[in-house]
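Working notes, structure below.
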Amino acid sequence: MITYIVGELTYIDNNTIILEACGVGYEITVPESVIPSLPGIGSSIKIYTYQNVKEDALDLYGFLTMDDLKIFKQLITVNGIGPKGALSILSVISPDELRLAVISDDVKKIQSAPGIGSKTAQKLIIELKDKLKIEDVVYDLHDEKDIVKSVRDEAVSALISLGYSNSESVSAVSALVITENMTSEDILKQALKKLAFI
């Protein structure tokens, strides 16, 4: 299995790139959302890859981060979603948006991906819900101390117990700047103010 490739970017077109490493050109299919983030032709880049082996093909799918690769691997475990379907989803929905959509049962958000219908979106939510946690959405991009994570968690749980949806609760708390000296009550008050204006 090829985990990642570091090499020179020699070609970019739609959702396909060619990366040259050690004299070998690797054709890699990437989500369309990756293309604007790529450096120019001739630049050195690291691409995390998933190798899909079939009877008649050997395909490489590439991502800029391990997190993107991780969510791609979770998507292809869903019955009826192959690598192309997973790539289609990640072309229009970021990993964090996808986690939030799954946790909050947002079928419409998942349906916004080309080729994903209502039944497939519902199946995706059912099959991935147990594998994803609220903390994955709230903390994914934050390198915080455990105490801050703990009070964030308490505030999200409190909002849910007050009747707000998972999506509303996570979004309101994620939008706040939280410091180490804040309590869960402080976070809850600020989150409630935000929700009052939504």
Side-chain angles (χ1 to χ4, degrees), residues 1-137 140-141 167:
M1 185 67 77
I2 301 170
T3 306
Y4 64 83
I5 301 170
V6 178
E8 181 184 335
L9 189 59
T10 61
Y11 177 83
I12 303 172
D13 181 42
N14 292 330
N15 65 338
T16 303
I17 64 170
I18 295 177
L19 207 59
E20 184 179 331
C22 301
V24 178
Y26 295 91
E27 183 177 309
I28 304 168
T29 306
V30 297
E32 288 178 24
S33 56
V34 163
I35 301 297
S37 304
L38 292 172
I41 298 290
S43 300
S44 180
I45 188 171
K46 181 177 189 176
I47 297 287
Y48 294 91
T49 59
Y50 176 81
Q51 187 176 7
N52 188 46
V53 181
K54 295 187 290 188
E55 282 182 22
D56 57 347
L58 176 64
D59 299 314
L60 274 178
Y61 296 91
F63 308 90
L64 292 176
T65 69
M66 273 300 264
D67 185 50
D68 293 349
L69 176 59
K70 178 183 173 187
I71 202 83
F72 175 82
K73 286 180 176 179
Q74 287 178 320
L75 280 169
I76 61 175
T77 65
V78 176
N79 191 17
I81 297 182
K84 288 182 181 174
L87 211 64
S88 172
I89 293 168
L90 292 175
S91 288
V92 295
I93 306 171
S94 74
D96 279 344
E97 289 171 334
L98 181 63
R99 288 184 184 102
L100 189 55
V102 168
I103 289 166
S104 60
D105 296 318
D106 190 346
V107 173
K108 285 185 180 177
K109 180 70 177 175
I110 297 167
Q111 270 187 272
S112 69
I116 303 298
S118 175
K119 287 184 179 178
T120 304
Q122 288 171 351
K123 188 189 295 183
L124 187 153
I125 288 169
I126 290 166
E127 292 190 28
L128 290 187
K129 202 160 200 174
D130 291 341
K131 298 177 183 177
L132 301 175
K133 300 173 187 169
I134 289 178
E135 302 89 61
D136 292 337
V137 179
D140 187 56
L141 300 177
S167 177

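On a predicted model such as this, the values are computed, not experimentally measured, just so you know. Only heavy atoms go into these numbers, but all of them, side chains included; no hydrogens, no water, no symmetry mates.
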Name the atoms and distances for all side-chain donor-acceptor pairs under 3.5 Å in residues 81-91, with sequence neighbours left out.
| from | atom 1 | to | atom 2 | distance (Å) |
| --- | --- | --- | --- | --- |
| S88 | OG | P114 | O | 2.8 |
| S91 | OG | E32 | N | 2.9 |
| S91 | OG | L87 | O | 2.9 |

Anything under 3.5 Å between a donor and an acceptor, one on a side chain of residues 34-46, the other on a protein residue two or more places apart or in another chain? List them.
| from | atom 1 | to | atom 2 | distance (Å) |
| --- | --- | --- | --- | --- |
| S43 | OG | G40 | O | 2.9 |

* Kindly give the heavy-atom pair with the smallest separation between L58 and Q51, and that separation in Å. => CD1-NE2, 3.3 Å
* To do: Taking the side chain as every heavy atom from C-beta outward, state whether I5 and T49 have any pair of such atoms under 4.5 Å apart.
  => yes
* Asked: Taking only residues two or more places apart in sequence, or in another chain, which ones meet D105 in a salt bridge (Lys or Arg N to Asp or Glu O under 4.0 Å)?
  -> K129
* Structure fact -> Those residues at least two apart in sequence (or on a different chain) that pass side-chain hydrogen bond (donor to acceptor under 3.5 Å, both in side chains) with N15 are none
* Structure fact -> In this structure, OG1 of T10 is separated from CD1 of I17 (nearest 0.5 Å) by 8.5 Å
* To do: Identify, with sequence neighbours excluded, every residue that meets side-chain hydrogen bond (donor to acceptor under 3.5 Å, both in side chains) alongside T16.
  => none
* Asked: Does the pair R99/D96 count as a salt bridge with the N-to-O cut at 4.0 Å?
  -> yes
* Distance (rounded to the nearest 0.5 Å) between K123 NZ and I110 CD1 -> 13.0 Å
* To do: Answer whether the closest heavy-atom distance between the side chains of V78 and I126 falls below 4.5 Å.
  => no
* Structure fact -> ring-ring contact (aromatic ring centres under 6.0 Å, His included) pairs touching residues 68-90, sequence neighbours excluded, are Y50-F72, Y61-F72, F63-F72
* Structure fact -> Contacts of N14 meeting side-chain hydrogen bond (donor to acceptor under 3.5 Å, both in side chains) (sequence neighbours excluded), chain-then-number -> none
* **Spacing of Q111 atom CD and Q122 atom CD [to the nearest 0.5 Å]** => 8.0 Å
* Listed once per pair and sorted, the ring-ring contact (aromatic ring centres under 6.0 Å, His included) pairs that draw on residues 85-113, sequence neighbours left out -> none
* Asked: Out of curiosity, I125 CD1 to K109 NZ, how far, rounded to the nearest 0.5 Å?
  -> 12.5 Å
* Does the pair L128 and L75 meet the rule for a side chain to side chain contact (heavy atoms under 4.5 Å, CB included), with working shown? -> CA-CA 8 Å; L128 290 187; L75 280 169; 4.1 Å; yes
* Please, which pairs that meet side chain to side chain donor-acceptor pair (under 3.5 Å) have at least one residue in residues 19-28, sequence neighbours excluded? -> none
* Structure fact -> For Y4, the side-chain hydrogen bond (donor to acceptor under 3.5 Å, both in side chains) test, sequence neighbours excluded, returns none
* Residue pairs fulfilling side chain to side chain donor-acceptor pair (under 3.5 Å) with at least one residue in residues 71-80, sequence neighbours excluded -> T77-K131
* Structure fact -> So the ring-ring contact (aromatic ring centres under 6.0 Å, His included) pairs with at least one residue in residues 95-117 (sequence neighbours excluded) are none
* Inter-residue atom distance I47.CD1 - I2.CD1, 0.5 Å rounding -> 13.0 Å
